[in-house]
Amino acid sequence: MIGLQSEHPSTFFNSPQVFFKTRWLFLLLYSLLFCATLSTCGKKESEQTIAPDQSDKKWDRQRAELEYGLIQAELKLALSEELYMVLDFERKELRLKLKGATVWNYPLNIAEADSQELREFIQRFQGDGGRWVRFLSEKHLFASQEKTPDSILAIVSEVVKADVELLQRDVPSRFQLLWGYGLILEVRTDIKGIPKSRLKSTIVEVREALRRPFGEARIILKMDPGDALTLYRAAHPGLPTLLYPHL
Amino acid sequence: MKRRFWYIIVPSVLLVGFVVVRMMITGGKSSLNQMGMFSDSLLVQLPEDKELAQKELERARKAFAKIKPSKPYIVIDTHANTIFLRTEDSILIKATCSTGSGGELIDSVTGRRWVFNTPRGVFKVTNKLTDPWWRKPDWAFIEDNESIPTDPSQRLDPEMLGEYALGFGNDYYIHGTIYERLLGVSVTHGCVRVGSEELKKLYDRVTIGTPVYIF
């Protein structure tokens, strides 16, 4: 304790006697820091919770509050000219919307066996405070196939005077959308793709393996290649995502 | 020295290592800041009074219904080069199209610059044309290394746009093409090309004022 009160920290470690008197304090400090860091890992963030009014069962206030919150959240998203995604578990659909209008949709066909995974996904998405909007933090393409062969596009690019890269579209064979907090939507198609950036894919796989002990929720969705192409290209980091649970 | 190593350096390295691993696990990002703008919506609550709450919910439902198009609307998917006429729940017409290449053209003489993107956002069909003629803009001549004509009639091309055209936005069109083999590839200068058969169906069903959503 003497060391901590010293006004000359530079002399603190020069006195081994004083230092070893405080070693337990250091160990305690490190333990506390370690525990604090550990406690935030994989934990769903806490928020202020909305206290549901249980008193009026007929009016079903809880359901009304939920619907109202979802409408307000979507109205805010629809104010912008930007695209947003809706994970609609009520209608079992994945949607891309613009100004409130559906511009793309795909059925969320989740097998019964994966219903536990689905519940976990919804719970993690909501966090402790019943959150309905999250932002896509990352997307990763594992494998894809070129939509049009480069040889053909080379001829087209001569005619239209545009780079082949601009004209090319990668049809995904497998990709992931991630929202952080262990939330993963994995999309797979029937096409046999060529692996993209093996190093980055390995890093993503290792990161997920490290994260798994802290909990994750992964939904795997089988998709038509054309729809997967649209979703992969349209879903950019920062894309707002709204979750509609079962009302 | 040895004790300092065990009590100071080793725990410090472990702690830093742990933080790095944690960052790897969480992706080193947090969406909490972005969530700030939506945190309020979570706290939105209906009034305590039941009647007021019901009225407020009804008002919100009406506001929500208002933002959705009540009639069929056009959607242009620039990623997959597909055009749809659809409603909220069903697709009425689906066709392969071609959208802007994203290419760039700079006029070496004047320094003027064009980027050939199809605009994204929400628009409305402003006009419907049959047998449209294309009035070639300056970039069409610059691109082909031709001199820009002074006679306006030399700019006119009766073939290029096909049989129908639907105008939207700032002088953009959904129109036909003589290059149908290129449909599905992003090769245009910003307009949306559709095959003649599907364009006819689209033209027949679309009215002026139909919303056009492009993403």
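Sequence lines set the chain letters: A, B, ... in the order given, protein chains first and strands last, and positions in each chain run from 1. Since the structure is predicted, the reported quantities are computational estimates derived from the model, not experimental observations.
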How close do Ala53(B) and Arg61(A) get, counting heavy atoms only, and between which atoms? CB-NH1, 4.1 Å
So what's closer than 4.5 Å to chain B heavy atoms on Leu98(A): side chain, backbone, both or neither? both
Here the gap from Lys147(A) atom NZ to Ser186(B) atom OG, rounded to the nearest 0.5 Å, amounts to 7.5 Å
Looking at Ala78(A), Ala234(A), Gly226(A), which has the largest count of heavy-atom pairs under 4.5 Å with chain B? Ala234(A)
Need one label for Val185(B): side chain, backbone, both or neither, based on atoms under 4.5 Å from any heavy atom in chain A. side chain
Find the distance between CH2 (Trp104(A)) and OG1 (Thr82(B)) and round it off to the nearest 0.5 Å. 12.0 Å
Would you mind checking which part of Leu96(A) comes under 4.5 Å of any heavy atom in chain B, side chain (CB onward), backbone (N, CA, C, O), both or neither? side chain
Please check if the number of heavy atoms outside Phe141(B) that lie under 6.0 Å from its CZ is greater than 12. yes
The reported gap from NE2 in His79(B) to CG in Asp227(A) (rounded to nearest 0.5 angstrom) is 12.5 Å
Less than 4.5 Å to any heavy atom of chain A: does that hold for the side chain of Arg181(B), its backbone, both, or neither? neither
Carboxylate-amine/guanidinium contact Arg120(B) Glu81(A), below 4.0 Å: no
Heavy-atom contact with chain A under 4.5 Å, split by part of Glu104(B): neither
Just give me the residue among Leu46(B), Thr188(B), Ile91(B) that pairs up with chain A most often, heavy atom to heavy atom, under 4.5 Å. Leu46(B)
I need the Tyr68(A) OH to Leu57(B) CG distance, nearest 0.5 Å. 8.5 Å
Looking at Glu74(A) and Lys68(B), is there a salt bridge between them, counting it only when a charged N and a carboxylate O are closer than 4.0 Å? no
How long is the span from the CG atom in Leu229(A) to the CG atom in Asp77(B), to the nearest 0.5 Å? 7.5 Å
Considering residues, nucleotides and ligands other than Glu197(B), do more than 12 of their heavy atoms fall under 6.0 Å from its CD? no
Could you tell me which of Ala80(B), Pro211(B), Gly103(B) has the largest number of non-hydrogen atom pairs under 4.5 Å with chain A? Ala80(B)
Any non-hydrogen side-chain atom of Arg86(B) less than 4.5 Å from a side-chain atom of Asn105(A)? yes
Between atom CD of Glu82(A) and atom CZ of Phe215(B), what is the distance when rounded to the nearest 0.5 Å? 13.5 Å
Non-hydrogen atoms of chain A under 4.5 Å away: do they reach the side chain of Ile76(B), the backbone, both or neither? neither
Could you pull out the closest heavy-atom pair between Asn81(B) and Arg169(A), with the gap in Å? ND2-NH2, 4.2 Å
Quick check: do Ile67(B) and Lys99(A) have side-chain heavy atoms less than 4.5 Å from each other? no
Minimum heavy-atom distance Ser101(B)-Leu167(A), with the two atoms named: CB-CD2, 4.0 Å
Check ion pair Arg91(A)-Asp89(B) (N to O, under 4.0 angstrom): yes
For Asn170(B), look at atom CG and say whether over 12 heavy atoms of other residues, nucleotides or ligands are found less than 6.0 Å away. no
Where does Tyr73(B) contact chain A at under 4.5 Å (heavy atoms): side chain, backbone, both or neither? side chain
Using non-hydrogen atoms only, which part of Leu182(B) is less than 4.5 Å away from chain A: side chain, backbone, both, or neither? side chain
Which one wins on heavy-atom pair count under 4.5 Å against chain A: Ile214(B), Val187(B), Thr87(B)? Val187(B)
Under the 3.5 angstrom rule, does the side chain of Gln45(B) hit a backbone N or O of Glu65(A) as a donor-acceptor pair? no
